[in-house]
Amino acid sequence: MGAWQATARRPRATDASDLIGREIVIAPGECTGWHYHDVPLMAVVKCGTLTRVLHDDTVEVHPAGTTFVEPPGIDHIHLGRNLGTDPVVLQVTCSLAEDAPWSVPTPAPATATPCGCPGHAG
C-alpha cells in the first residue's frame, strides 16, 4: 500500500474577497495616522515594537514576535506608532475584496491625544 496525504483546500469566498497579506513598514518616529478597517485584520510584528493607540486613548505595545487582531468598523479607530530606533515590520492578513482599501483614514477621536507624527494633522 502506498502512502497518501489528505489535502485541505480553503473554500473560495463568495463575496469576491479572498485572504490576502501585506507587509507594512513603519520607520522610526513615524505613525500610520488615525484610521480604521472595514474587515478584521490579523497582524504579526516581525521586527521592532509597535505602539497602538486606540480610540479611547488605551495604549497597547506589541514587540517583535507578538500578534494582534484589529477589529473592523469606525468604532475601532486607532493608530500605530514606532517609538523605537528600528523599523517596525508587520505582516498583515485579512479577507478583503480586490478593490477595497486596506484602511480608511479618519480624523482623531475628540478625546484622543494627537499623534504628533510628521505629516498628520491629528
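Just so we're clear, the structure is a prediction, and the values are computed from it rather than from any experiment.
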Check the pair Glu23, Lys46 against salt bridge (charged side-chain N to carboxylate O under 4.0 Å, His left out), reporting the backbone distance first and the verdict last. CA-CA 10 Å; Glu23 182 174 275; Lys46 299 297 283 183; over 6 Å; no
List the steps and the verdict of ring-ring contact (aromatic ring centres under 6.0 Å, His included) for His76 and Tyr36. CA-CA 6 Å; His76 299 285; Tyr36 66 92; 9.6 Å; no
Which is it for Asp56 and Thr111 under the side-chain contact (heavy atoms from CB on, under 4.5 Å) test, yes or no, and what are the steps along the way? CA-CA 7 Å; Asp56 60 0; Thr111 59; 6.0 Å; no
Evaluate side-chain contact (heavy atoms from CB on, under 4.5 Å) for Val88 paired with Val25, printing each intermediate quantity in order. CA-CA 6 Å; Val88 169; Val25 178; over 6 Å; no
Working note: Leu50 + Phe68, criterion side-chain contact (heavy atoms from CB on, under 4.5 Å); need CA distance, chi angles, decisive distance, verdict. CA-CA 11 Å; Leu50 177 70; Phe68 61 92; 3.5 Å; yes
Give the intermediate values and the outcome of side-chain contact (heavy atoms from CB on, under 4.5 Å) for residues Val45 and His62. CA-CA 7 Å; Val45 182; His62 304 279; 3.8 Å; yes
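For the pair Val39/Ser95, no side-chain contact is recorded, criterion being any heavy-atom separation below 4.5 Å from C-beta on. Considering only heavy atoms from C-beta on, Ile26 comes within 4.5 Å of Thr32 through its side chain. Contact of the Val69 side chain with the Met42 side chain is registered, since non-hydrogen atoms from C-beta on lie closer than 4.5 Å.
Across all their heavy atoms, Gly84 and Pro28 have their closest contact at O-CB, 3.3 Å. Taking each heavy atom of Pro40 and Cys94 in turn, the nearest pair found is O-CB, 3.3 Å. Pairing each heavy atom of Leu79 with each of Cys31, the nearest pair is CD1-CB, 4.4 Å.
Ring-plane geometry between His78 and His37 is classed as tilted, the angle between the planes lying from 30 to 60 degrees on a 0 to 90 degree scale.
Note: the hydrophobic cluster containing Ile20 also contains Ile24 (ILVMFWY, side chain heavy atoms under 4.5 Å, direct or indirect links). With hydrophobic clusters built from ILVMFWY side chains whose heavy atoms lie under 4.5 angstrom apart, Leu54 does not share a cluster with Val61. Taken together through direct or relayed side-chain contacts under 4.5 Å among Ile, Leu, Val, Met, Phe, Trp and Tyr, Val53 and Leu83 form parts of separate hydrophobic clusters. Under the 4.5 Å side-chain heavy-atom criterion for Ile, Leu, Val, Met, Phe, Trp and Tyr, Trp102 and Val89 are members of distinct hydrophobic clusters.
To the nearest 0.5 Å, atoms OG1 (Thr49) and CG (Asp86) are separated by 8.5 Å. Taken to the nearest 0.5 Å, the CG atom of Leu19 stands 6.0 Å off from the OG1 atom of Thr93. Note: His35 NE2 to Ile74 CD1 = 12.5 Å, rounded to the nearest 0.5 Å.
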